[in-house]
Student: 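Before we start, here is the structure in question, set down as structure tokens.
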Amino acid sequence: MASEHVSPLSESNSPAIDPLSEPYNPLAGIDVSLLRTRASAYLQADEMALLESAMRFSAEAHAGQFRSSGEPYVSHPIAVTEMLAEWHLDHQALIAAMLHDVVEDTAITKQAIAEAFGRVAADLVDGVSKLDKIEAHSQEEAQAENFRKMFLAMARDVRVILIKLADRIHNMRTLAAVRPQKQRRIARETLEIYAPIANRLGLNNVFCELQELSFRHLHPLRYEVLTKAIRAARGNRREIVGKLLVTIQERLPQWQIEADVWGREKHIFSIYQKMVDKRLSFSQVLDIYGFRIVVKDVPTCYLALGALHELYKPVPGKFKDYIAIPKANGYQSLHTTLIGPYGMPVEIQIRTSEMHHVAESGVASHWLYKDSAERLSDLEQRTHSWLQSLIELQSASGDSTEFLEHVKIDLFPGDVFVFSPKGKIFSLPRGASAVDFAYAVHTDIGNRCVSCKINGDLMPLRTELKNGDQVEIITAAHANPNANWLTYVRTGKARAEIRHFLKTSQQDESIALGERLLGQALRGHGLTLSTLPRQVWDKFLREVGSQEKQEIFTDIGLGKRLPAVVAKRLALVVEALGDEYLQGRAIKPKTAGAIQISGGEGMAVQLARCCHPIPGDPIVGLLRKGQGMEVHLSDCPNLARYRADRERWVDVEWEANNDRMFDVDIRVIAEHQRGMLAKIAAVISENQANIQHVSMDTESSVHSQTYFTLQVTDRQHLAQVMRAIRRVPQVLRITRLKANEQK
Ligand code: MN
């Protein structure tokens, strides 16, 4: 490979140029002959010219950069592109491979690549660079599966994955040049992430090479010992394997079967894995011989199977028909194990040559065998049906461009993968918001979340998350879930947790409110809740067909029963039973008195959205059926509708020493001027008020109307903020908005 090539220019940092003789050639001294030979074998002349120009472009961009091995950096993209040319990938993929490190490592932009080589190549380079970024996060072992999925989901175009895999193979082949600690880290990552991706895409050769190289760098000693042992053992067994091979090769033609048969050598890593997983000794693993038989069509596969089962007895339960039921990555073959001479097991794989191509090269076989002499349509169909099983394509087509369109479909269309600040990966359904993420992290995080940072920027909780986002949830000790979240959460967990919270907290709050309301109403009858004897309650509950006091409180709190009505009926029960039941605990009837509210009661007491009352305002409570109590300004025009319904009205007053913040709407009319909004916003925050929402109405070119929803502690605070705004010279008028005023 190119990596073994030693550059004659290694002693100087830049190519030696003689300005008088030849024009400057950035590729001078770099061996590109293999790449040229491979690419020109199947690319058109114009595609080849573009690739040549990408080679020069890349060499120039990386000029002065070197690999850890000391080679000029461009030797790396050349080696990567050579691999892709071996797979016969299209010219755009080859160009992107040449440029795959340019955006990350040099000053060249995606835009510049698009201008020079077109949008498709630029998008591919961009795709590879994005994958490089997710690599930067540290990975726990348990996260590997999620990481692989995210990797595949983010790539979108299978060519991006192929470039990335070729990149990784070359880096693994040249890993000896980097520090031992880094070697192990990269080897482990390759084993956990890249090798399984190659396997998932059916790229068997890539899969095996990545495993071998990883194993070698992760466990150099074990690798060496096993390699020596295998070499010795294979030498001893060569004879017996040779005899078996001949026997099979002679038997098949007797059945009129034309076949290629060869012995199959197990890879070192798979031998090691088998020893570890199945706790087998070295000799137990190596005693299994493998043969592969490739025939022309499917019926012949089954015929060959019959022929071999006649030759040697099959091991029961070992036969597997992956032709009828292919593996998830498209692999097809018949597998059987025979009891060979001296009772030794012989593993056989039987397949057609098309199946063999797919087994070796997976998704790459689409490009690799596209223009070979073999029955094209049949192969296209095969790669297609394989891809169909892989990514659940809706429809198949023989057309190559459409094929690529289909491959661009997400391999995991339903999921997005996002990071926690510590680099942990979470898989969420597409469309999920930061609230879904918060609940995925922990129920308490969800219940306490107030806002979030996405990739470092403060964002609303409802923001839809994208693949690769890093999400940080900001919580507050007294925050609670909001019923509004239910309109956009996507995960069942978030939905269930929010519902659960709202239900239980509403119930608790309703009970507490109902108790207070009833206590207040009872005072008008000279009774108190705490002194009402049990007999009174029992009789009352029987009358109304209820089991418990709590139920009555809840109903009152929810506005389903009116406190005045319940109090009146309780008073009647007391009267019927006679005063002696009160045992002198009656009090002097007095006016009901107001219920104190803080605005923080939760679901049971809601501050009306129409008039936004704040502490200091005169207020009135209104019991809404099934919705608890709504608190309005006492002069809120919306109350007019309930004038006739006096029983639903409750006297309320603000609790003292309230340190909550309350929403209030104001309108500011000011001269239309740049920077005016910023000035007002600064004044608001200088006065310790928060801005919840801003909207502008710029119909007139002279004046602007700005609507703010502010958060203030009370009426006094609001007055202070409004005075401060009024002092801004451009401000003409400022008004607090109450119900029904235009917003
Ligand atoms: Mn690279």
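In this chain, residues are counted from 1 in sequence order. What's counted below: heavy atoms across the whole structure, side chains too, no hydrogens, waters or symmetry copies. Start at 1 and go down the list; that is how both ligands and their atoms are numbered.
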Student: So, H100 and the Mn ion (ligand 1): N/O/S under 2.8 Å, yes or no?
Tutor: yes
Student: Calculate, to the nearest 0.5 Å, the distance between atoms CG and CZ belonging to L210 and R168 respectively.
Tutor: 8.5 Å
Student: Using the Mn ion (ligand 1) as the vertex, how large is the angle between NE2 of H76 and OD2 of D101, rounded to 10 degrees?
Tutor: 90°
Student: How many angstroms lie between atom OG1 of T81 and atom CE of M55, to the nearest 0.5 angstrom?
Tutor: 8.5 Å
Student: Give the atom name of whichever N/O/S atom in D167 sits closest to the Mn ion (ligand 1).
Tutor: OD1
Student: Please assess K493 against D436 for the test salt bridge (Lys or Arg N to Asp or Glu O under 4.0 Å), listing each intermediate value before the final yes or no.
Tutor: CA-CA 8 Å; K493 172 164 166 84; D436 291 293; over 6 Å; no
Student: Assign the ring pair H88 / Y42 to parallel, tilted or perpendicular, where the plane angle (0 to 90°) is split at 30° and 60°.
Tutor: parallel
